[in-house]
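Please read these numbers as outputs of a predicted model, since none were measured by experiment. Convention: sequence-line order gives letters A, B, ...; per-chain numbering from 1.
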Amino acid sequence: MSTPSAPTLAPSPYRRSHTCGELRDAHVGQAVTLCGWVNSYRDHGTGLIFIDLRDRFGLTQLVFNREDSGIDHETIERADKLRNEDVVAVSGVVRVRTGGENPKLPTGKIEVVVKSLNFVNKTENPPFLPDDMLALPNEELRLKHRYVDLRRPKMQSILSLRHRVTKLTRDYFDENGFLEIETPILYKSTPEGAREFLVPNRHVPGSWYALPQSPQVFKQILMVSGCDRYLQVCRCFRDEDPRADRQAEFSQIDLEMSFVQRDDVMAMMEGFARRLWKQVLNVDVPPIQRMTYKEAMDRFGIDRPDTRFGLELVDVSDIAKKIDFGVFTSALAQKKGVVKAIRVPGGAEKLTRKMTDGYTEFVKGFGAGGCPVVKLTANGLETGIAKFLEPIKAELIERLGLQVGDTVLFGADTYSVVCKALAELRLKVAKDLNMIPEGKWNFLWVIDFPMFEWDKDGGGGKGRWIATHHPFTSPRHDQIEKFMATDFGDTDGIEALRSAGYDLVLNGSEIAGGSIRIHDQAVQTRVFRMLGMTEEQARAKFSFLLEALKFGAPPHGGVAFGLDRLIMHLAGTDNIRDVIAFPKTQIGADLMTGAPSQVTEDQLKDVHVRNVLPAPKA
RNA sequence: GGGGCGGUAGCUCAAUUGGUUAGAGUACCGGACUGUCGAUCCGGUGGUUGCGGGUUCGAGUCCCGUCCGCCUCGCCA
């Protein structure tokens with residue numbers, strides 16, 4: 001074997017000895033080379049220039065001083081031309097700052113006395129400066145010049161946080177026997193649920209892949225494959241309109257376990273959440289409380305309650321029916337009509353007429369007719385609907401625990417409308433009155449979801465059952481027999497079925513959801529039928545899964561964490577785009593690369609696709 | 001698809017009831033300054049007010065349309 005003899009290269013002028021965040025007084029006297037961006041310059045002219053040099057790891061002050069030995073005139077001249085965001089490499093010696101330390105910087109005790117300025121990549125005047133002290137430019141500009149925005153220490157810290165979280169994830173689940181296994185991105189279209197992104201197949205004209213909404217069936221197949229425990233930090237795609245906490249392309253921490261029941265998966269998840277919060281925020285997460293779906297809906301009107309504050313919903317239907325007030329009586333006359341109330345402590349003072357009028361408009365946005373109001377003062381019930389409530393005053397005070405100075409907000413409609421409207425109103429009031437405490441981490445399990453929900457607009461207008469979680473969710477183990485016996489026409493019976501699903505809720509935000517899956521082919525077939533699929537349709541879509549369940553499927557269950565939302569919580573941001581390196585806008589555009597874009601006719605021809613564009617608007 | 005907010009100098013913003021030559025801070029350019037650290041001081045360049053129409057003696061401002069960004073309802077098994 002001959003020895004390779006590559007020519008020796010001269011050392012690169014921008015080979016650094018340290019990062020901009022690591023020099024301390026212990027390094028005083030050392031010769032160092034630093035590389036980075038000019039974060040700011042303070043030019044005193046006549047040969048004294050300070051530069052704060054920045055990289056991902058921090059800031060270090062550089063000094064160019066004509067009166068120091070070892071620096072020549074030409075270097076000072078070049079340093080004089082340095083501007084914000086120029087990229088440089090410098091060599092010099094670390095010394096204690098002669099001008100006093102800067103307590104704001106970890107490197108604030110020292111500075112580097114520059115002897116040579118080795119490398120400069122001049123920048124054009126950047127569109128904005130990546131400085132967290134300055135007002136943020138508008139988001140359009142930040143997205144277009146994402147590479148500048150990501151230089152901001154705040155964005156760097158989020159990228160770093162995200163890395164730490166995925167690393168902790170892999171470590172935790174590795175310790176617990178999980179295997180990380182990748183699943184296909186080019187998957188099969190299964191048009192249930194969210195709209196899919198489609199990708200044409202070149203080989204078979206007219207055939208298409210879909211990008212996966214989640215790796216759901218693959219991870220179940222992996223359980224049937226004997227992998228026992230699966231983990232993936234994976235990308236999912238749902239072609240629906242985005243929100244502040246939602247992107248069409250997003251990430252999940254996806255996992256699945258064999259031979260487990262509900263509590264096993266929940267315990268594994270809880271341990272994971274505890275590990276994350278301890279290691280990232282040094283917060284101890286206490287044992288997580290459980291609440292049934294029904295209790296969550298009854299008390300908070302929503303399946304992901306924010307339990308950091310009160311303002312709970314109280315059913316007063318039985319009291320309300322005793323009076324002759326049109327809004328209440330017509331609500332209660334409906335099927336599943338209810339009257340619910342929220343007590344706002346001290347609301348008589350804190351809620352102005354303008355605010356409560358606004359609440360009526362607010363709840364109309366969620367389908368409610370309005371928001372009746374009443375106050376309890378020293379003189380009794382006042383304002384709003386006070387005169388109607390007089391006959392039931394004592395009962396209301398008793399039921400709601402009213403104190404003088406409280407305001408009551410009512411919702412009267414069907415159960416689902418009242419839940420939706422009052423759940424949103426509860427949040428709005430809490431924000432308006434500043435009732436949401438900072439620094440609280442209220443985790444909550446929500447369990448015992450219904451298996452199915454009636455979608456009155458589905459099924460071509462005739463209505464149909466849809467799976468609350470997804471079609472692979474098992475009935476709760478004590479309800480499987482009941483499910484198999486429930487008639488397809490037994491509406492009440494179907495609605496009463498509870499699934500083996502579970503959601504992890506944090507401060508009113510769903511951060512994870514999962515379930516025990518169906519491992520019995522007969523149960524799965526019956527679920528598909530309940531969802532209105534014929535046997536042929538079910539086989540066309542999911543024959544592989546039904547087949548797999550025939551050939552030795554272990555009982556299994558799993559969960560998926562929304563990684564982006566998890567990072568949002570840990571980073572303390574309410575903008576999902578801040579936790580994604582290259583996010584998209586409301587219309588799915590990447591402002592930096594210009595995606596989506598036109599393709600050539602030849603490209604389209606290759607994949608047997610033709611553009612059919614809508615007629616231009618007049 | 002619906003509703004709301006926004007778009008003025010490279011950037012962040014201001015501009016009275018529709019009224020003079022659209023201003024300020026910052027960045028940038030030039031000058032002064034040897035211990036700054038959001039350096040300071042002096043001077044300067046910089047504008048198709050997103051785009052297209054309209055109303056008006058006159059439009060950044062009012063009207064219509066459109067594009068883009070954000071928030072939101074629907075949607076998100």
Side-chain angles (χ1 to χ4, degrees), chain A residues 39-52 59-68 76 81 83-85 97-105 107-108 111 113 123-145 148 190-196 213-214 216-217 236-248 250 361-362 364-367 420 424 451-453 455 457-458 464-473 501 510 513 515 527-528 531-533 541-542 562 574-577 584-587 589 591 616-618:
Chain A
N39 194 66
S40 63
Y41 63 96
R42 296 177 290 278
D43 183 354
H44 288 246
T46 66
L48 178 64
I49 301 162
F50 297 98
I51 300 278
D52 288 342
L59 288 177
T60 299
Q61 173 164 286
L62 312 178
V63 192
F64 296 80
N65 192 341
R66 174 177 289 156
E67 292 174 3
D68 279 312
I76 294 273
K81 296 279 182 287
R83 289 298 176 267
N84 293 331
E85 300 310 305
R97 290 191 182 200
T98 54
E101 73 175 86
N102 182 349
K104 294 180 196 166
L105 295 180
T107 61
E111 61 191 3
V113 182
T123 177
E124 286 187 22
N125 189 21
F128 58 95
L129 293 175
D131 184 346
D132 288 319
M133 304 277 280
L134 301 173
L136 275 180
N138 76 56
E139 199 162 3
E140 204 170 342
L141 201 71
R142 290 174 53 203
L143 293 173
K144 182 170 180 192
H145 301 279
V148 177
T190 55
E192 294 286 315
R195 188 181 299 112
E196 298 171 322
Q213 298 177 39
S214 83
Q216 180 59 38
V217 290
C236 305
F237 306 88
R238 295 178 190 171
D239 187 7
E240 302 289 353
D241 288 354
R243 289 288 182 274
D245 63 351
R246 204 168 87 191
Q247 287 255 305
F250 64 101
E361 289 311 304
F362 180 77
K364 281 180 182 172
F366 303 98
K420 175 75 180 162
E424 298 290 344
M451 282 285 289
F452 303 101
E453 287 170 306
D455 170 20
D457 300 319
R464 61 164 190 163
W465 292 104
I466 54 172
T468 301
H469 185 47
H470 58 52
F472 319 108
T473 299
E510 183 195 326
S515 62
V527 169
F528 284 148
L531 298 174
M533 276 187 233
K541 285 175 188 168
F542 297 113
D574 52 11
N575 177 351
I576 196 173
R577 295 175 299 283
K584 294 184 175 61
T585 69
Q586 298 266 325
I587 58 169
L591 297 181
K617 289 173 190 169

S.K.: When the P atoms of B/G19 and B/C63 are considered, how many whole Å apart are they?
M.R.: 15 Å
S.K.: State the pairing partner of B/U20; accept Watson-Crick or G-U wobble contacts with both distances under 3.5 Å, and report none otherwise.
M.R.: none
S.K.: Quiz question: going by heavy-atom distance under 3.5 Å, is there a donor-acceptor pair between the base of B/G50 and the side chain of A/Glu140?
M.R.: no
S.K.: Pick the C1' atom in B/G25 and in B/U40, then give their distance to the nearest Å.
M.R.: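 About 16 Å, rounded to a whole number of Å.
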S.K.: Under 4.0 Å between any heavy atoms, over every strand shown, what does A/Ile49 touch: base, sugar-phosphate, or nothing? Just pick one.
M.R.: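 Here A/Ile49 touches no strand at all.
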S.K.: Is A/Glu240 reaching over with its side chain to a backbone N or O of A/Ala194, donor-acceptor style, under 3.5 angstrom?
M.R.: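 Checking the backbone N and O of A/Ala194 against the side chain of A/Glu240, no donor-acceptor pair under 3.5 Å is found.
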S.K.: Would you say the side-chain atoms of A/Arg97 pair up with the backbone N or O of A/Gly108, donor to acceptor, closer than 3.5 Å?
M.R.: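 Judged by distance alone, yes, a pair lies under 3.5 Å.
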S.K.: So, does A/Arg66 get its side chain near the phosphate of B/C33, meaning an N or O under 4.0 Å from OP1 or OP2?
M.R.: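 Negative; the distance criterion is not met.
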S.K.: Base, sugar-phosphate alone, or nothing: which one does A/Glu67 contact when heavy atoms must sit under 4.0 Å apart?
M.R.: base
S.K.: Verify the contact: side-chain N or O of A/Lys144 to OP1 or OP2 of B/G69, cut-off strictly under 4.0 Å; return yes or no.
M.R.: no
S.K.: Can you list everything that forms a ring-ring contact (aromatic ring centres under 6.0 Å, His included) with A/Phe50? Sequence neighbours excluded, please.
M.R.: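 A/Phe50 satisfies ring-ring contact (aromatic ring centres under 6.0 Å, His included) with A/His44 only.
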S.K.: Quick one: is B/G35 close enough that its OP1 or OP2 comes under 4.0 Å of any side-chain N or O from A/Asn65?
M.R.: no
S.K.: Using whole Å, what does the distance between atom P of nucleotide B/C28 and atom CG of A/Asn84 come to?
M.R.: 5 Å
S.K.: If the P atom of B/U56 is compared with that of B/U72, how far apart are they to the nearest Å?
M.R.: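 Rounded to whole Å, the distance is 42 Å.
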S.K.: Which pairs count as salt bridge (charged side-chain N to carboxylate O under 4.0 Å, His left out) when at least one residue sits in residues 123-136 of chain A, sequence neighbours excluded?
M.R.: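 Those involving residues 123-136 of chain A are A/Asp132-A/Arg152.
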S.K.: For the atom pair CD (A/Glu453) and CH2 (A/Trp465), what is the distance rounded to the nearest 0.5 Å?
M.R.: 9.0 Å
S.K.: Name the pairs: protein N/O against N/O of nucleotides 7-10 of chain B, kept only if under 3.5 Å.
M.R.:
from  : atom 1 : to       : atom 2 : distance (Å)
B/G10 : O2'    : A/Pro127 : O      : 3.0

S.K.: Scan A/Glu510 against the nucleic acid and name what it touches under 4.0 Å (heavy atoms): base, sugar-phosphate only, or nothing.
M.R.: nothing
S.K.: Within the structure shown, what part of the strands sits under 4.0 Å from A/Arg464 by heavy-atom distance: base, sugar-phosphate, or nothing?
M.R.: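 Touches nothing.
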S.K.: Can you tell me, in whole Å, how much space there is between the P of B/U16 and that of B/C11?
M.R.: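 Nearest-Å result for B/U16 against B/C11 at atom P: 22 Å.
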S.K.: Using a cut-off of 4.0 Å on non-hydrogen atoms, how would the nucleic acid contact of A/Asp43 be classed: base, sugar-phosphate, or nothing?
M.R.: base
S.K.: Determine the Euclidean distance between corresponding C1' atoms of B/A59 and B/C64; express it in Å to zero decimal places.
M.R.: 15 Å
S.K.: Would you please name every residue forming a ring-ring contact (aromatic ring centres under 6.0 Å, His included) with A/Tyr41, sequence neighbours left out?
M.R.: none
S.K.: What does A/Gly100 touch in the nucleic acid at a heavy-atom separation under 4.0 angstrom: a base, only the sugar-phosphate, or nothing?
M.R.: base
S.K.: For A/Glu196, what residues pass the side chain to side chain donor-acceptor pair (under 3.5 Å) criterion, not counting sequence neighbours?
M.R.: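 Listed in chain order: A/Ser189.
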S.K.: With C1' as the reference atom in both, quote the distance from B/A14 to B/U49 in angstrom, rounded to an integer.
M.R.: 13 Å
S.K.: How long is the straight-line distance from CG of A/Asp245 back to CZ of A/Phe250, given to the nearest 0.5 Å?
M.R.: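 Here the interatomic distance stands at 11.5 Å.
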S.K.: Go through the structure and list residues passing ring-ring contact (aromatic ring centres under 6.0 Å, His included) with A/His469, not counting sequence neighbours.
M.R.: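 For A/His469 there are no ring-ring contact (aromatic ring centres under 6.0 Å, His included) partners, ignoring immediate neighbours.
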S.K.: Output all residues satisfying ring-ring contact (aromatic ring centres under 6.0 Å, His included) with A/Phe128, sequence neighbours left out; order by chain, then residue number.
M.R.: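 For A/Phe128, no residue satisfies ring-ring contact (aromatic ring centres under 6.0 Å, His included) once neighbours in sequence are set aside.
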S.K.: Taking N and O atoms by type only, does the side chain of A/Thr585 place a donor or acceptor under 3.5 Å from a partner on the base of B/G69?
M.R.: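 It does not, because no donor-acceptor pair links the side chain of A/Thr585 to the base of B/G69 below 3.5 Å.
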S.K.: Please work out if A/Tyr41 contacts a base, only the sugar-phosphate, or nothing of the nucleic acid, heavy-atom cut-off 4.0 Å.
M.R.: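 The answer is sugar-phosphate, as A/Tyr41 gets under 4.0 Å only of primed atoms, P, OP1 or OP2.
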S.K.: Just jot down the salt bridge (Lys or Arg N to Asp or Glu O under 4.0 Å) partners of A/Arg42, sequence neighbours excluded, or say none.
M.R.: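 Expected list: A/Asp52.
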S.K.: Please determine, for the side chain of A/Pro137, which listed nucleotide (B/U36, B/C11, B/A39) has the closest atom?
M.R.: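 Closest nucleotide to the A/Pro137 side chain: B/C11.
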S.K.: So, is A/Arg42 close to the B/U36 phosphate, meaning a side-chain N or O under 4.0 Å from OP1 or OP2?
M.R.: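 So the side-chain polar atoms of A/Arg42 never come under 4.0 Å of the phosphate oxygens OP1 or OP2 of B/U36.
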S.K.: Rounding to an integer number of angstrom, what distance separates B/G35 and B/C71 when you compare their P atoms?
M.R.: 49 Å
S.K.: Would you indicate what A/Leu59 reaches in the nucleic acid, counting non-hydrogen atoms under 4.0 angstrom: base, sugar-phosphate, or nothing?
M.R.: nothing
S.K.: Tell me the interatomic distance from A/Leu143, atom CG, to B/C70, atom P, rounded to whole angstroms.
M.R.: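 In whole Å, B/C70 P lies 7 Å from A/Leu143 CG.
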S.K.: Distance check, P atoms only: B/G18 and B/U61, in whole angstrom units.
M.R.: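 Going atom to atom, P in each nucleotide, I get 11 Å.
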S.K.: Which part of the nucleic acid, if any, lies within contact of A/Leu531, taking any heavy atom under 4.0 Å across all strands shown: a base, the sugar-phosphate backbone alone, or nothing?
M.R.: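 Since no nucleic acid heavy atom lies under 4.0 Å of A/Leu531, the category is nothing.
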S.K.: Return the nearest nucleotide to the side chain of A/Arg83; candidates are B/C70, B/A27, B/C28.
M.R.: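 Among the listed nucleotides, the one closest to the side chain of A/Arg83 is B/C28.
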S.K.: In whole Å, I'd like the distance from the CD1 atom of A/Ile51 to the C1' atom of B/U36.
M.R.: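 So the CD1-C1' distance, A/Ile51 to B/U36, works out to 12 Å.
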S.K.: When you check every protein heavy atom under 4.0 Å of nucleotides 72-77 of chain B, what one-letter string (B, S, -) results, 5' to 3'?
M.R.: BBBBBB
S.K.: Does any N or O in the side chain of A/Arg238 come within less than 3.5 Å of the main-chain N or O of A/Gln213, such that one atom is a donor and the other an acceptor?
M.R.: yes
